[in-house]
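Convention: sequence-line order gives letters A, B, ...; per-chain numbering from 1.
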Amino acid sequence: MRVGVLALQGDFREHIAASKACGHDSIEVRTEAELKSVDALILPGGESTTIVHLAQTFNLYEPIRARINEGLPVYGSCAGMILLADRIIDGAAGQKTFGGLDITVRRNAFGRQVESFESDIDFNGKTMKAVFIRAPWVEQYSEKVTVLATASDHPVAVKQGNIVATSFHPELTSDLAVHRYFFDEICKNR
Amino acid sequence: MSEATGTARVKRGMAEMLKGGVIMDVVNVEQAKIAEEAGACAVMALERVPADIRAQGGVARMSDPDMIQKIQAAVSIPVMAKVRIGHFVEAQIIESLEVDYIDESEVLTPADYTNHIDKWNFKVPFVCGATNLGEALRRINEGAAMIRSKGEAGTGDVSNAMTHMRTIGGEIRRLTSMREDELYVAAKELQAPYALVKEVAETGKLPVVLFTAGGIATPADAALMMQMGADGVFIGSGIFKSGNPAHRAAACVKATTFYQDAKVLAEVSRGLGEAMVGINVADIPVPHRLADRGW
């Protein structure tokens, strides 16, 4: 399987390293041709306003939406979760998303950087160290969405169809549980 | 559930999220909004950009908290602010505003000509400037969670940024080629802690994110620094001292992402209007060079 990591801005190299550690061929995606060549897509952590701005400018916005609608397996961490949410609270004026997850996400929900934290959470039945950086949380979600983890009484990892999103950054730790879940449980359906 | 804030991982992780992005100096709400719309991954809130500090002279200090808070309220992207080297009370004040990153910056007038701030004492992460590997590792030892090469701020002359990136990169490459028993002397020569020197020798990179700063004025400058191995760029005076800031800001953001694609770089370099006039670093008397501040 060929995994693409959207490489417009953010910690895409860490996601590529995690994907390779799980045994998958991984490439940086910056063009429509690269997007077409992948079997799964990861939206990295970073600044969601910057990433969507660049996607719009370089004609990747509609192609990414189209591939998500076709059922491409997609995983997003932090900014990636925001980009996959159908609705945002506390976004920049007019901030767009790719959408696909029937959730409302609150941007910077835990506060500014001084409130960023790490903590042990229960992800899909397994305890793991999670790093939250100016992280969003899921404020509302429809019955189509499955919650995989919570923190401060809000969902911080969710799944819907072929889409997985976490507010935290498994790519910043050596724990591959979330990536393995995405590749082994979600991508195998394709 | 026990939550740990202000850990090294959380501080360094914040910088990881800025990678591949442009951090822009802004002096008011209007500029901050232009920066956010152009795709900046963060803004640096300050009262005078380095070019004006250089032109006007005098003692440069931290910005008015009112000004910083107005910018925090106006944009959703991270907001950084500068404090003087060694001025830990300015840092306490800026931390209390919940700024996302503090820049202990040579652009402001130093408050201590011997010691930098003990940055482990803070929950907020710090970025510090460096001209070489030893300086970078001393700052990391003091708790800096991000390094930027200094360049020469407020000039629009990229030559010093180039020198500093080449120096840091070259010294890292030299460490990776050394025998393990040579690293003790390398640490002595770099005037840096052995443990950090050993880590760099093993990994071939700094343990924190490395941005570049000081003199970047065009999309080509930004791409040059990215090709030299920078994780991202700070642009200070280069944007809002130019003819068309919104256009130039967006062009620099694009160039930082597509830094290896000459066609995109040519496209974004078209019709940008006047770049900042700039000063050649060689024409600045040595005592007025900002990169020499910090030790």
Side-chain angles (χ1 to χ4, degrees), chain A residues 6-14 28 30-31 44-58 77-79 82 88 90-95 107-108 110-122 127 129-135 150-153 168-169 171-173, chain B residues 1-23 33 35-42 72 74-80 94-102 122-125 145 209 231-232 250-251 253-254 256-261 264 267-268:
Chain A
L6 188 65
L8 297 174
Q9 191 269 325
D11 69 340
F12 49 87
R13 279 188 213 106
E14 284 65 25
E28 297 178 1
R30 290 192 188 82
T31 64
E47 193 44 53
S48 60
T49 53
T50 303
I51 295 171
V52 79
H53 173 85
L54 285 163
Q56 288 176 293
T57 311
F58 288 97
S77 70
C78 196
I82 295 168
I88 321 179
D90 291 342
Q95 185 178 346
R107 223 168 137 228
N108 305 334
F110 293 93
R112 296 182 187 276
Q113 171 58 17
V114 287
E115 304 299 334
S116 291
F117 64 98
E118 51 184 292
S119 136
D120 287 331
I121 61 157
D122 186 50
T127 301
K129 175 75 78 186
V131 183
F132 294 82
I133 295 172
R134 284 172 49 98
T150 58
S152 301
D153 299 324
F168 52 92
H169 294 280
E171 74 278 13
L172 290 184
T173 68
Chain B
M1 190 175 78
S2 65
E3 295 183 356
T5 54
T7 63
R9 182 144 61 183
V10 159
K11 290 174 172 177
R12 293 177 182 186
M14 170 74 209
E16 300 284 347
M17 300 310 139
L18 300 170
K19 285 192 301 195
V22 182
I23 300 168
K33 286 186 171 165
E36 183 177 45
E37 278 164 28
C41 66
Q72 286 176 301
V75 296
S76 66
I77 57 178
V79 177
M80 302 184 168
I94 299 293
E95 181 180 49
S96 79
L97 304 178
E98 300 196 342
V99 155
D100 296 299
Y101 238 95
I102 291 181
F122 292 80
K123 249 198 217 184
V124 64
V209 164
D231 289 317
V253 169
K254 292 171 197 166
T256 301
T257 295
F258 289 89
Y259 65 93
Q260 289 167 308
D261 188 332
V264 172
E267 198 51 45
V268 303

Less than 4.5 Å apart, any side-chain heavy atom of [X] and any of [Y]?
X        : Y        : value
B:Met14  : A:Ser116 : no
B:Met17  : A:Leu172 : yes
A:Arg134 : B:Pro78  : yes

Of the backbone (N, CA, C, O) and the side chain (C-beta and beyond), which part of [X] lies under 4.5 Å from a heavy atom of chain A, both, or neither?
X        : value
B:Tyr101 : neither
B:Val264 : side chain
B:Asp231 : side chain
B:Glu37  : backbone
B:Ala38  : backbone

Quick one: [atom1] on [X] to [atom2] on [Y], what's the gap to the nearest 0.5 Å?
X        : Y        : atom1 : atom2 : answer
A:Ile133 : B:Asp100 : CD1   : CG    : 11.5 Å
A:Leu54  : B:Thr257 : CG    : OG1   : 4.5 Å
B:Thr256 : A:Leu8   : OG1   : CG    : 12.5 Å

Worksheet item: Which atoms form the tightest heavy-atom contact between A:Thr49 and B:Ser76, and what is the distance?
Response: CG2-OG, 4.0 Å
Item to complete: Heavy atoms only, distances under 4.5 angstrom: which of A:Glu118, A:His53, A:Glu115, A:Arg30 has the most pairs with chain B? Name it, please.
Response: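 Winner by heavy-atom pair count: A:Glu118.
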For chain A, the option from [options] that forms the most heavy-atom pairs under 4.5 Å:
options                            : value
B:Gly13, B:Gly20, B:Ala4           : B:Ala4
B:Lys11, B:Glu95, B:Glu36, B:Glu98 : B:Glu98
B:Glu16, B:Lys33, B:Arg9           : B:Arg9

Heavy-atom cut-off 4.5 Å, strictly under: side chain, backbone, both or neither for [X] against chain B?
X        : value
A:Thr173 : both
A:Arg107 : side chain
A:Val131 : side chain
A:Ala7   : backbone
A:Asp11  : both
A:Phe58  : side chain

Fill in: Criterion side chain to side chain contact (heavy atoms under 4.5 Å, CB included) against B:Lys19, the qualifying member of A:Glu47, A:Glu14, A:Gln9
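Among the candidates, only A:Glu14 passes.
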Worksheet item: Only one of B:Val79, B:Thr5, B:Val99, B:Val10 forms a side chain to side chain contact (heavy atoms under 4.5 Å, CB included) with A:Gln113, so which one is it?
Response: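 Single side chain to side chain contact (heavy atoms under 4.5 Å, CB included) partner of A:Gln113 among B:Val79, B:Thr5, B:Val99, B:Val10: B:Val10.
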